[in-house]
2 protein chains.
Amino acid sequence: MGSPSTATRVTARRRRAAPAPATRYDRRLAEILVHATEVFCKKGYEGASMRDLARASGMSLAGLYYYFESKERLLFLIQKHTFTTIVQGLKARLEGVSDSEERIRIFILNHLEYFLANQAAMKVLSHEAEALKNGFASEVAAIKREYYRICVGLLDKLKSDRGLQFQTRIAVLSLFGMMNWIYTWHNPRVDADAESIAGEMGDVFLRGVMAGGKGRRDGR
Amino acid sequence: MGSPSTATRVTARRRRAAPAPATRYDRRLAEILVHATEVFCKKGYEGASMRDLARASGMSLAGLYYYFESKERLLFLIQKHTFTTIVQGLKARLEGVSDSEERIRIFILNHLEYFLANQAAMKVLSHEAEALKNGFASEVAAIKREYYRICVGLLDKLKSDRGLQFQTRIAVLSLFGMMNWIYTWHNPRVDADAESIAGEMGDVFLRGVMAGGKGRRDGR
DNA sequence: ACTCAGTTCGAACGAACGTTCGAATTATCC
DNA sequence: GGATAATTCGAACGTTCGTTCGAACTGAGT
(Lines give C-alpha, C1' and ligand atoms only; values in the text may rest on other atoms or scores of the structure.)
Protein backbone atom coordinates (compact mmCIF):
# COMPACT_ATOMS: atom_id res chain seq x y z
CA MET A 1 0.00 0.00 0.00
CA GLY A 2 1.21 3.47 -0.86
CA SER A 3 1.17 5.58 2.26
CA PRO A 4 0.81 3.42 5.36
CA SER A 5 0.18 6.28 7.75
CA THR A 6 -2.85 7.56 5.89
CA ALA A 7 -4.41 4.14 5.60
CA THR A 8 -3.84 3.06 9.17
CA ARG A 9 -4.91 6.34 10.59
CA VAL A 10 -8.25 6.00 8.85
CA THR A 11 -8.95 2.48 10.09
CA ALA A 12 -7.70 3.30 13.57
CA ARG A 13 -9.97 6.31 13.91
CA ARG A 14 -12.96 4.22 15.00
CA ARG A 15 -12.56 4.91 18.69
CA ARG A 16 -15.36 5.65 21.13
CA ALA A 17 -15.68 8.97 22.92
CA ALA A 18 -15.04 6.79 25.97
CA PRO A 19 -11.81 7.77 27.77
CA ALA A 20 -9.98 4.64 28.77
CA PRO A 21 -9.75 1.89 26.11
CA ALA A 22 -8.40 3.48 22.91
CA THR A 23 -6.53 1.47 20.33
CA ARG A 24 -2.85 0.68 20.52
CA TYR A 25 -2.32 3.21 17.78
CA ASP A 26 -3.99 5.95 19.79
CA ARG A 27 -2.06 5.14 22.93
CA ARG A 28 1.31 5.16 21.17
CA LEU A 29 0.36 8.35 19.39
CA ALA A 30 -0.45 10.03 22.68
CA GLU A 31 2.89 8.88 24.11
CA ILE A 32 4.78 10.36 21.20
CA LEU A 33 2.87 13.60 21.58
CA VAL A 34 3.95 13.84 25.21
CA HIS A 35 7.62 13.30 24.41
CA ALA A 36 7.49 15.64 21.43
CA THR A 37 5.92 18.32 23.60
CA GLU A 38 8.85 18.07 25.97
CA VAL A 39 11.35 18.43 23.15
CA PHE A 40 9.53 21.33 21.49
CA CYS A 41 9.39 23.01 24.89
CA LYS A 42 13.12 22.66 25.46
CA LYS A 43 14.48 23.39 21.97
CA GLY A 44 11.67 25.24 20.23
CA TYR A 45 9.79 24.06 17.18
CA GLU A 46 12.40 25.08 14.61
CA GLY A 47 15.25 24.08 16.87
CA ALA A 48 13.97 20.55 17.45
CA SER A 49 14.83 18.05 14.74
CA MET A 50 12.84 14.99 13.82
CA ARG A 51 15.84 13.00 15.02
CA ASP A 52 15.51 14.66 18.45
CA LEU A 53 11.84 13.69 18.54
CA ALA A 54 12.61 10.13 17.50
CA ARG A 55 15.24 9.75 20.22
CA ALA A 56 12.91 11.21 22.86
CA SER A 57 10.11 8.79 22.08
CA GLY A 58 12.45 5.79 21.75
CA MET A 59 11.58 5.25 18.15
CA SER A 60 13.32 5.32 14.82
CA LEU A 61 13.22 8.40 12.67
CA ALA A 62 11.20 6.70 9.95
CA GLY A 63 8.87 5.16 12.51
CA LEU A 64 7.55 8.55 13.47
CA TYR A 65 6.15 9.08 10.00
CA TYR A 66 3.78 6.20 10.53
CA TYR A 67 1.98 8.45 13.02
CA PHE A 68 2.48 11.88 11.48
CA GLU A 69 2.78 12.98 7.92
CA SER A 70 4.94 15.95 8.84
CA LYS A 71 6.66 17.80 11.65
CA GLU A 72 4.19 20.63 11.26
CA ARG A 73 1.19 18.34 11.73
CA LEU A 74 2.81 17.02 14.90
CA LEU A 75 2.98 20.53 16.34
CA PHE A 76 -0.56 21.12 15.19
CA LEU A 77 -1.86 18.05 17.04
CA ILE A 78 -0.13 19.18 20.23
CA GLN A 79 -1.51 22.68 20.04
CA LYS A 80 -5.01 21.64 19.09
CA HIS A 81 -5.26 19.02 21.85
CA THR A 82 -3.90 21.39 24.49
CA PHE A 83 -6.14 24.26 23.54
CA THR A 84 -9.25 22.12 23.19
CA THR A 85 -8.68 20.60 26.62
CA ILE A 86 -8.29 23.92 28.38
CA VAL A 87 -11.44 25.35 26.78
CA GLN A 88 -13.42 22.24 27.68
CA GLY A 89 -12.24 22.43 31.28
CA LEU A 90 -13.20 26.08 31.49
CA LYS A 91 -16.73 25.50 30.19
CA ALA A 92 -17.29 22.72 32.69
CA ARG A 93 -16.10 24.85 35.59
CA LEU A 94 -18.16 27.88 34.62
CA GLU A 95 -21.38 25.89 34.55
CA GLY A 96 -23.76 26.89 37.32
CA VAL A 97 -21.76 29.89 38.49
CA SER A 98 -23.52 33.18 37.87
CA ASP A 99 -21.65 35.86 39.84
CA SER A 100 -19.60 37.72 37.29
CA GLU A 101 -16.58 38.32 39.52
CA GLU A 102 -16.49 34.69 40.58
CA ARG A 103 -16.67 33.62 36.94
CA ILE A 104 -13.57 35.64 36.14
CA ARG A 105 -11.76 34.15 39.12
CA ILE A 106 -12.67 30.72 37.78
CA PHE A 107 -11.30 31.69 34.38
CA ILE A 108 -7.98 32.72 35.90
CA LEU A 109 -7.75 29.68 38.14
CA ASN A 110 -8.57 27.27 35.32
CA HIS A 111 -5.98 28.86 33.06
CA LEU A 112 -3.19 28.87 35.62
CA GLU A 113 -3.92 25.43 37.00
CA TYR A 114 -3.81 23.92 33.55
CA PHE A 115 -0.76 26.00 32.69
CA LEU A 116 1.27 24.81 35.66
CA ALA A 117 0.05 21.22 35.43
CA ASN A 118 1.01 21.12 31.73
CA GLN A 119 3.83 23.61 31.55
CA ALA A 120 5.58 22.10 28.55
CA ALA A 121 2.41 21.92 26.46
CA MET A 122 1.35 25.43 27.41
CA LYS A 123 4.75 26.85 26.62
CA VAL A 124 4.61 25.20 23.20
CA LEU A 125 1.15 26.65 22.73
CA SER A 126 2.19 30.16 23.77
CA HIS A 127 5.66 30.32 22.35
CA GLU A 128 5.11 28.58 19.01
CA ALA A 129 1.87 30.35 18.20
CA GLU A 130 3.23 31.60 14.88
CA ALA A 131 5.02 28.45 13.79
CA LEU A 132 2.08 26.89 11.96
CA LYS A 133 0.98 27.94 8.48
CA ASN A 134 -2.23 28.22 6.49
CA GLY A 135 -4.72 25.48 7.30
CA PHE A 136 -3.05 24.37 10.51
CA ALA A 137 -2.68 27.94 11.72
CA SER A 138 -6.27 28.91 11.07
CA GLU A 139 -7.70 25.89 12.87
CA VAL A 140 -5.75 26.69 16.02
CA ALA A 141 -6.57 30.38 15.60
CA ALA A 142 -10.27 29.52 15.63
CA ILE A 143 -9.99 27.84 19.04
CA LYS A 144 -7.90 30.74 20.32
CA ARG A 145 -10.52 33.20 19.14
CA GLU A 146 -13.26 31.25 20.92
CA TYR A 147 -11.24 31.27 24.14
CA TYR A 148 -10.55 34.97 23.77
CA ARG A 149 -14.22 35.73 23.16
CA ILE A 150 -15.26 33.83 26.28
CA CYS A 151 -12.96 36.05 28.31
CA VAL A 152 -14.29 39.17 26.62
CA GLY A 153 -17.81 38.01 27.47
CA LEU A 154 -16.91 37.52 31.13
CA LEU A 155 -15.36 40.97 31.39
CA ASP A 156 -18.16 42.74 29.54
CA LYS A 157 -20.63 41.11 31.90
CA LEU A 158 -18.70 42.36 34.91
CA LYS A 159 -18.53 45.80 33.34
CA SER A 160 -22.28 46.09 32.83
CA ASP A 161 -23.18 44.41 36.14
CA ARG A 162 -21.15 46.93 38.12
CA GLY A 163 -21.29 49.94 35.85
CA LEU A 164 -17.55 50.00 35.26
CA GLN A 165 -15.62 51.76 32.56
CA PHE A 166 -12.50 50.27 30.99
CA GLN A 167 -11.36 49.13 27.58
CA THR A 168 -12.30 45.46 27.45
CA ARG A 169 -9.76 44.63 24.75
CA ILE A 170 -6.83 46.05 26.66
CA ALA A 171 -8.02 44.50 29.90
CA VAL A 172 -8.43 41.04 28.38
CA LEU A 173 -5.07 41.13 26.65
CA SER A 174 -3.39 42.42 29.79
CA LEU A 175 -4.88 39.53 31.71
CA PHE A 176 -3.66 37.02 29.14
CA GLY A 177 -0.24 38.62 29.31
CA MET A 178 -0.08 38.33 33.09
CA MET A 179 -1.05 34.69 32.92
CA ASN A 180 0.81 33.47 29.86
CA TRP A 181 4.06 35.18 30.75
CA ILE A 182 4.31 32.72 33.61
CA TYR A 183 6.08 30.22 31.37
CA THR A 184 9.09 32.50 31.35
CA TRP A 185 9.53 32.70 35.10
CA HIS A 186 7.67 30.06 37.09
CA ASN A 187 9.96 27.92 39.19
CA PRO A 188 8.18 25.18 41.14
CA ARG A 189 10.90 25.24 43.79
CA VAL A 190 10.42 28.94 44.50
CA ASP A 191 6.89 29.88 43.48
CA ALA A 192 3.62 28.94 45.10
CA ASP A 193 1.02 26.68 43.53
CA ALA A 194 -1.50 27.67 40.88
CA GLU A 195 -4.30 28.42 43.33
CA SER A 196 -2.18 30.89 45.26
CA ILE A 197 -0.85 32.64 42.16
CA ALA A 198 -4.32 32.73 40.65
CA GLY A 199 -5.57 34.40 43.84
CA GLU A 200 -2.83 37.00 43.74
CA MET A 201 -3.26 37.76 40.05
CA GLY A 202 -7.02 37.75 40.39
CA ASP A 203 -6.76 40.28 43.22
CA VAL A 204 -4.54 42.63 41.28
CA PHE A 205 -6.49 42.36 38.07
CA LEU A 206 -10.00 42.52 39.50
CA ARG A 207 -9.26 45.36 41.90
CA GLY A 208 -7.60 47.07 38.99
CA VAL A 209 -10.59 46.97 36.69
CA MET A 210 -13.16 47.43 39.46
CA ALA A 211 -11.57 50.15 41.61
CA GLY A 212 -11.92 52.82 38.97
CA GLY A 213 -15.66 53.14 38.62
CA LYS A 214 -16.13 55.50 35.73
CA GLY A 215 -13.53 57.42 33.75
CA ARG A 216 -9.77 57.88 34.03
CA ARG A 217 -8.09 59.57 36.96
CA ASP A 218 -7.18 62.69 35.01
CA GLY A 219 -9.93 62.59 32.42
CA ARG A 220 -7.42 62.21 29.60
CA MET B 1 45.78 38.36 7.40
CA GLY B 2 44.07 35.37 8.93
CA SER B 3 40.72 36.50 10.24
CA PRO B 4 39.81 39.89 8.81
CA SER B 5 36.77 40.41 11.01
CA THR B 6 38.69 40.20 14.25
CA ALA B 7 41.42 42.56 13.08
CA THR B 8 39.14 45.13 11.57
CA ARG B 9 36.76 45.14 14.46
CA VAL B 10 39.59 45.95 16.82
CA THR B 11 40.93 48.86 14.78
CA ALA B 12 37.44 50.15 14.07
CA ARG B 13 36.49 50.22 17.72
CA ARG B 14 38.05 53.65 18.32
CA ARG B 15 34.78 55.57 18.12
CA ARG B 16 33.78 58.43 20.38
CA ALA B 17 30.84 58.28 22.73
CA ALA B 18 29.53 61.05 20.45
CA PRO B 19 26.39 60.00 18.58
CA ALA B 20 26.70 61.11 14.95
CA PRO B 21 30.06 60.49 13.25
CA ALA B 22 31.00 56.82 13.66
CA THR B 23 33.16 54.98 11.18
CA ARG B 24 31.88 53.43 7.98
CA TYR B 25 32.24 50.07 9.63
CA ASP B 26 30.00 51.08 12.52
CA ARG B 27 27.36 52.55 10.26
CA ARG B 28 27.17 49.47 8.06
CA LEU B 29 27.11 47.26 11.12
CA ALA B 30 24.16 49.18 12.53
CA GLU B 31 22.33 48.88 9.20
CA ILE B 32 22.80 45.15 9.14
CA LEU B 33 21.57 44.89 12.71
CA VAL B 34 18.36 46.68 11.76
CA HIS B 35 17.68 44.37 8.83
CA ALA B 36 18.59 41.28 10.80
CA THR B 37 16.23 42.34 13.57
CA GLU B 38 13.39 42.50 11.06
CA VAL B 39 14.17 39.02 9.76
CA PHE B 40 14.56 37.47 13.24
CA CYS B 41 11.26 39.08 14.17
CA LYS B 42 9.43 37.60 11.19
CA LYS B 43 10.97 34.11 11.04
CA GLY B 44 12.40 33.56 14.50
CA TYR B 45 16.07 33.05 15.32
CA GLU B 46 16.25 29.38 14.38
CA GLY B 47 13.95 29.85 11.42
CA ALA B 48 16.01 32.64 9.89
CA SER B 49 18.97 31.52 7.81
CA MET B 50 22.16 33.45 7.25
CA ARG B 51 21.10 33.58 3.60
CA ASP B 52 17.88 35.32 4.63
CA LEU B 53 19.87 37.84 6.61
CA ALA B 54 22.26 38.42 3.70
CA ARG B 55 19.40 39.03 1.29
CA ALA B 56 17.67 41.41 3.72
CA SER B 57 20.75 43.57 4.13
CA GLY B 58 21.63 43.48 0.44
CA MET B 59 24.91 41.73 1.05
CA SER B 60 26.53 38.47 0.15
CA LEU B 61 26.45 35.58 2.57
CA ALA B 62 30.20 35.65 3.08
CA GLY B 63 30.18 39.41 3.47
CA LEU B 64 28.18 39.16 6.66
CA TYR B 65 30.98 37.29 8.35
CA TYR B 66 33.19 40.33 8.03
CA TYR B 67 30.93 41.95 10.63
CA PHE B 68 29.94 38.98 12.80
CA GLU B 69 31.77 35.84 13.66
CA SER B 70 28.56 33.84 14.04
CA LYS B 71 24.80 33.96 13.81
CA GLU B 72 24.58 33.68 17.57
CA ARG B 73 26.77 36.72 18.12
CA LEU B 74 24.54 38.65 15.75
CA LEU B 75 21.51 37.89 17.89
CA PHE B 76 23.52 38.75 20.96
CA LEU B 77 24.43 42.20 19.61
CA ILE B 78 20.77 42.91 18.83
CA GLN B 79 19.58 41.85 22.26
CA LYS B 80 22.33 43.61 24.16
CA HIS B 81 21.89 46.89 22.29
CA THR B 82 18.11 46.83 22.66
CA PHE B 83 18.17 46.03 26.35
CA THR B 84 20.93 48.51 27.15
CA THR B 85 19.06 51.28 25.37
CA ILE B 86 15.81 50.68 27.20
CA VAL B 87 17.52 50.61 30.61
CA GLN B 88 19.42 53.82 29.82
CA GLY B 89 16.22 55.57 28.76
CA LEU B 90 14.49 54.48 31.93
CA LYS B 91 17.23 55.77 34.20
CA ALA B 92 17.20 59.15 32.46
CA ARG B 93 13.44 59.46 32.79
CA LEU B 94 13.36 58.46 36.45
CA GLU B 95 15.88 61.12 37.41
CA GLY B 96 14.36 63.86 39.57
CA VAL B 97 11.00 62.13 40.05
CA SER B 98 10.38 61.11 43.63
CA ASP B 99 6.71 60.16 43.94
CA SER B 100 6.66 56.39 44.00
CA GLU B 101 3.44 56.00 42.01
CA GLU B 102 4.61 58.41 39.34
CA ARG B 103 7.89 56.52 39.10
CA ILE B 104 6.04 53.31 38.32
CA ARG B 105 3.94 55.07 35.70
CA ILE B 106 7.17 56.30 34.14
CA PHE B 107 8.52 52.74 34.14
CA ILE B 108 5.43 51.49 32.32
CA LEU B 109 5.39 54.36 29.84
CA ASN B 110 9.09 54.02 29.06
CA HIS B 111 8.74 50.29 28.50
CA LEU B 112 5.68 50.52 26.25
CA GLU B 113 6.88 53.52 24.27
CA TYR B 114 10.16 51.82 23.50
CA PHE B 115 8.33 48.57 22.80
CA LEU B 116 5.98 50.05 20.24
CA ALA B 117 8.63 52.27 18.67
CA ASN B 118 10.94 49.26 18.29
CA GLN B 119 8.51 46.39 17.97
CA ALA B 120 10.74 44.12 15.95
CA ALA B 121 13.71 44.48 18.30
CA MET B 122 11.56 44.03 21.39
CA LYS B 123 9.90 40.95 19.98
CA VAL B 124 13.30 39.48 19.27
CA LEU B 125 14.33 40.35 22.81
CA SER B 126 11.22 38.81 24.38
CA HIS B 127 10.66 35.86 22.11
CA GLU B 128 14.25 34.70 21.63
CA ALA B 129 15.25 35.07 25.27
CA GLU B 130 16.35 31.43 25.46
CA ALA B 131 18.11 31.22 22.10
CA LEU B 132 21.53 32.31 23.34
CA LYS B 133 23.91 30.01 25.18
CA ASN B 134 26.56 30.26 27.87
CA GLY B 135 28.54 33.49 27.72
CA PHE B 136 26.15 35.33 25.43
CA ALA B 137 23.16 34.24 27.49
CA SER B 138 24.63 35.29 30.82
CA GLU B 139 25.61 38.75 29.61
CA VAL B 140 22.07 39.49 28.45
CA ALA B 141 20.70 37.88 31.59
CA ALA B 142 22.73 40.32 33.68
CA ILE B 143 21.08 43.32 32.01
CA LYS B 144 17.69 41.69 32.36
CA ARG B 145 18.31 41.12 36.04
CA GLU B 146 19.26 44.76 36.54
CA TYR B 147 16.08 45.87 34.79
CA TYR B 148 14.02 43.46 36.87
CA ARG B 149 15.61 44.69 40.09
CA ILE B 150 14.86 48.31 39.23
CA CYS B 151 11.20 47.40 38.90
CA VAL B 152 11.27 45.47 42.18
CA GLY B 153 12.79 48.54 43.83
CA LEU B 154 10.06 50.80 42.50
CA LEU B 155 7.32 48.49 43.73
CA ASP B 156 8.88 47.89 47.14
CA LYS B 157 9.13 51.65 47.59
CA LEU B 158 5.44 52.06 46.76
CA LYS B 159 4.62 49.25 49.14
CA SER B 160 6.43 50.80 52.09
CA ASP B 161 5.35 54.38 51.28
CA ARG B 162 1.68 53.42 51.35
CA GLY B 163 1.72 50.50 53.74
CA LEU B 164 0.53 48.03 51.14
CA GLN B 165 0.67 44.28 51.20
CA PHE B 166 1.29 42.21 48.09
CA GLN B 167 3.89 39.78 46.81
CA THR B 168 6.39 41.95 44.99
CA ARG B 169 7.71 39.11 42.85
CA ILE B 170 4.30 38.13 41.51
CA ALA B 171 3.32 41.77 41.00
CA VAL B 172 6.48 42.59 39.07
CA LEU B 173 6.25 39.52 36.89
CA SER B 174 2.57 40.15 36.26
CA LEU B 175 3.40 43.66 35.15
CA PHE B 176 6.11 42.42 32.81
CA GLY B 177 3.64 39.90 31.43
CA MET B 178 1.02 42.56 30.76
CA MET B 179 3.55 44.71 28.96
CA ASN B 180 5.62 42.17 27.08
CA TRP B 181 2.65 40.19 25.82
CA ILE B 182 1.83 43.20 23.67
CA TYR B 183 4.05 41.89 20.90
CA THR B 184 1.53 39.11 20.31
CA TRP B 185 -1.47 41.37 19.78
CA HIS B 186 -0.67 45.00 19.12
CA ASN B 187 -1.98 46.22 15.78
CA PRO B 188 -1.14 49.85 14.99
CA ARG B 189 -4.25 50.13 12.83
CA VAL B 190 -6.56 49.13 15.66
CA ASP B 191 -4.83 49.91 18.92
CA ALA B 192 -4.09 53.24 20.49
CA ASP B 193 -0.62 54.67 20.95
CA ALA B 194 1.84 53.79 23.69
CA GLU B 195 0.84 56.62 26.00
CA SER B 196 -2.80 55.62 26.00
CA ILE B 197 -2.09 51.93 26.53
CA ALA B 198 0.44 52.75 29.23
CA GLY B 199 -2.22 54.82 30.98
CA GLU B 200 -4.75 52.01 30.81
CA MET B 201 -2.32 49.34 31.98
CA GLY B 202 -0.96 51.66 34.65
CA ASP B 203 -4.48 52.24 35.95
CA VAL B 204 -5.33 48.56 36.13
CA PHE B 205 -2.03 47.55 37.67
CA LEU B 206 -1.65 50.40 40.16
CA ARG B 207 -5.24 50.28 41.37
CA GLY B 208 -4.78 46.54 41.60
CA VAL B 209 -1.81 46.64 43.92
CA MET B 210 -2.96 49.72 45.83
CA ALA B 211 -6.67 49.05 46.34
CA GLY B 212 -6.11 46.15 48.66
CA GLY B 213 -4.41 47.76 51.61
CA LYS B 214 -3.41 44.88 53.86
CA GLY B 215 -4.18 41.21 53.54
CA ARG B 216 -6.18 39.14 51.08
CA ARG B 217 -9.93 39.42 50.67
CA ASP B 218 -10.66 36.13 52.45
CA GLY B 219 -7.61 35.91 54.65
CA ARG B 220 -6.38 32.78 52.88
C1' DA C 1 50.14 55.45 -10.88
C1' DC C 2 51.09 52.65 -6.82
C1' DT C 3 50.17 51.02 -2.28
C1' DC C 4 47.77 48.99 1.17
C1' DA C 5 44.21 48.41 4.51
C1' DG C 6 39.35 47.93 4.45
C1' DT C 7 35.52 45.63 2.40
C1' DT C 8 32.95 42.32 -0.55
C1' DC C 9 32.09 38.14 -2.93
C1' DG C 10 31.74 33.30 -5.50
C1' DA C 11 32.45 28.88 -4.54
C1' DA C 12 32.81 25.39 -1.78
C1' DC C 13 32.97 22.54 2.81
C1' DG C 14 30.90 18.93 5.84
C1' DA C 15 27.00 18.43 8.70
C1' DA C 16 22.30 18.31 9.60
C1' DC C 17 17.76 18.87 7.91
C1' DG C 18 12.70 16.77 6.70
C1' DT C 19 11.01 13.15 4.22
C1' DT C 20 10.56 8.62 1.56
C1' DC C 21 10.62 3.66 0.56
C1' DG C 22 10.92 -1.20 0.61
C1' DA C 23 12.01 -4.67 3.53
C1' DA C 24 11.82 -6.62 8.10
C1' DT C 25 9.49 -7.32 12.30
C1' DT C 26 5.60 -7.85 15.37
C1' DA C 27 0.76 -8.46 16.72
C1' DT C 28 -3.91 -10.40 15.51
C1' DC C 29 -7.18 -13.59 14.07
C1' DC C 30 -8.71 -18.17 11.91
C1' DG D 1 0.86 -22.30 12.62
C1' DG D 2 0.02 -19.94 8.66
C1' DA D 3 -2.15 -15.78 6.58
C1' DT D 4 -2.93 -10.94 6.95
C1' DA D 5 -2.64 -6.48 8.66
C1' DA D 6 -0.29 -3.23 11.73
C1' DT D 7 3.94 -1.41 13.07
C1' DT D 8 8.98 -0.47 12.90
C1' DC D 9 13.31 0.34 10.85
C1' DG D 10 17.97 1.07 8.07
C1' DA D 11 19.42 3.44 4.43
C1' DA D 12 19.22 6.77 1.47
C1' DC D 13 17.13 10.99 -1.11
C1' DG D 14 17.89 15.93 -2.32
C1' DT D 15 18.05 20.32 0.06
C1' DT D 16 19.53 23.67 3.10
C1' DC D 17 22.22 24.86 6.98
C1' DG D 18 26.34 27.82 9.26
C1' DT D 19 30.80 28.70 8.22
C1' DT D 20 35.36 29.24 5.66
C1' DC D 21 38.78 30.81 2.28
C1' DG D 22 41.27 33.07 -1.19
C1' DA D 23 40.65 36.13 -4.62
C1' DA D 24 38.73 40.45 -6.16
C1' DC D 25 37.19 44.99 -5.55
C1' DT D 26 37.07 49.80 -3.37
C1' DG D 27 38.71 54.18 -1.69
C1' DA D 28 42.04 57.24 0.59
C1' DG D 29 46.73 58.69 1.05
C1' DT D 30 51.15 59.54 -1.48
Side-chain angles (χ1 to χ4, degrees), chain A residues 1-15 21-32 35-36 39-40 43-77 131-133 136, chain B residues 1-15 21-32 35-36 39-40 43-77 131-133 136:
Chain A
M1 205 174 313
S3 162
S5 75
T6 302
T8 53
R9 217 180 305 110
V10 170
T11 58
R13 271 298 155 77
R14 54 192 159 80
R15 77 193 121 163
T23 65
R24 189 159 91 93
Y25 175 90
D26 288 327
R27 265 180 282 117
R28 192 80 179 95
L29 182 147
E31 266 179 44
I32 296 176
H35 290 121
V39 176
F40 281 151
K43 318 187 86 170
Y45 172 70
E46 300 273 4
S49 73
M50 290 297 286
R51 284 158 183 85
D52 291 331
L53 302 175
R55 200 176 314 116
S57 29
M59 206 177 196
S60 74
L61 177 58
L64 283 184
Y65 282 86
Y66 180 70
Y67 293 93
F68 315 100
E69 63 206 55
S70 71
K71 187 186 175 190
E72 193 183 8
R73 181 170 171 87
L74 174 47
L75 175 61
F76 167 74
L77 289 176
L132 297 176
K133 308 180 172 184
F136 288 145
Chain B
M1 206 176 308
S3 161
S5 76
T6 303
T8 55
R9 216 180 306 107
V10 170
T11 59
R13 269 298 154 78
R14 51 191 161 81
R15 80 197 119 164
T23 66
R24 190 156 92 94
Y25 176 89
D26 287 327
R27 266 181 282 116
R28 192 83 179 94
L29 182 147
E31 268 178 43
I32 296 175
H35 291 122
V39 176
F40 281 151
K43 317 186 84 166
Y45 172 70
E46 300 274 3
S49 72
M50 290 298 286
R51 285 157 183 86
D52 291 330
L53 303 174
R55 201 177 312 116
S57 30
M59 207 178 195
S60 74
L61 177 58
L64 283 183
Y65 283 88
Y66 180 69
Y67 292 93
F68 314 102
E69 64 206 55
S70 70
K71 185 186 175 189
E72 193 184 8
R73 179 168 172 88
L74 174 47
L75 176 61
F76 166 74
L77 288 177
L132 296 176
K133 307 180 173 184
F136 288 145

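Everything numeric in this text was worked out from a predicted model, so none of it was measured. Here is how names work: the chains are called A, B, and so on, in the same order as the sequence lines, proteins then strands, and each is numbered from 1.
Counting only residues at least two apart or on different chains, the salt bridge (Lys or Arg N to Asp or Glu O under 4.0 Å) pairs with a member in residues 52-68 of chain B are B:Lys43-B:Asp52, B:Asp52-B:Arg55.
Out of C:dT7, D:dG18, D:dT7, the shortest distance to the side chain of B:Ser49 is found at D:dG18. Listed candidates were C:dT8, C:dC21, C:dC9. Nearest to the side chain of A:Ala62 is C:dC21. Comparing C:dG6, D:dA12, D:dA6 by their nearest atom to the side chain of A:Tyr66 picks out D:dA6.
Within residues 50-58 of chain A, the residues that have a heavy atom under 4.0 Å from DNA chain D are, in order of number, A:Arg51.
Rounded to an integer number of Å, the gap from CD of B:Glu46 to C1' of D:dC17 is 11 Å. Atom NZ of B:Lys71 and atom C1' of D:dT20 are 17 Å apart (whole Å). Between the OH atom of B:Tyr45 and the P atom of D:dC17 there is a distance of 14 Å, rounded to whole Å. In this structure, B:Met59 atom CE and C:dC9 atom P are separated by 6 Å, rounded to whole Å. As rounded to whole Å, 11 Å separates atom P of C:dT7 from atom CG of B:Leu29. When rounded to the nearest whole Å, the span between CG of B:Leu64 and C1' of C:dT7 equals 13 Å. If you take OH of A:Tyr25 and C1' of C:dT28, they are 18 Å apart, rounded to a whole angstrom. Summarising the geometry, the separation between CD1 on B:Ile32 and P on C:dT7 is reported as 11 Å, rounded to the nearest angstrom.
Scanning for side-chain contact (heavy atoms from CB on, under 4.5 Å) contacts around A:Ser70 gives A:Glu72, A:Arg73, with sequence neighbours left out. Applying the side chain to side chain donor-acceptor pair (under 3.5 Å) rule to B:Glu31 yields the partners B:Arg28; only residues at least two apart in sequence or on another chain are considered.
Contact check, A:Tyr67 against D:dT7: no side-chain N or O comes under 4.0 Å of OP1 or OP2. For C:dT8, one of the phosphate oxygens OP1 or OP2 lies less than 4.0 angstrom from a side-chain nitrogen or oxygen of B:Arg28.
Within the 4.5 Å cutoff, no side-chain heavy atoms of A:Phe68 are placed close to those of A:Phe76. You'll find the side chain of B:Met59 reaches within 4.5 Å of the side chain of B:Ile32, heavy atoms only. Under the 4.5 Å side-chain criterion, counting only non-hydrogen atoms from C-beta, A:Lys71 is in contact with A:Tyr45.
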Between protein and nucleic acid, restricted to nucleotides 23-30 of chain D and to nitrogen or oxygen atoms under 3.5 Å apart, what atom pairs and distances do you find?
none

>> Could you go through B:Phe40 and B:Leu74, starting from their C-alpha distance and side-chain angles, then the distance that decides it, and tell me whether this counts as side-chain contact (heavy atoms from CB on, under 4.5 Å)?
In response: CA-CA 10 Å; B:Phe40 281 151; B:Leu74 174 47; 4.2 Å; yes
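For the pair A:Gly47 and B:Leu61, both in contact range of DNA chain C, the more 5′-proximal nearest nucleotide belongs to B:Leu61.
Looking at every heavy atom in both residues, A:Tyr65 comes nearest to A:Leu61 through CD1-O, 3.6 Å. The two residues A:Leu64 and A:Ala54 come nearest to each other via the heavy atoms CD1-N, 3.6 Å.
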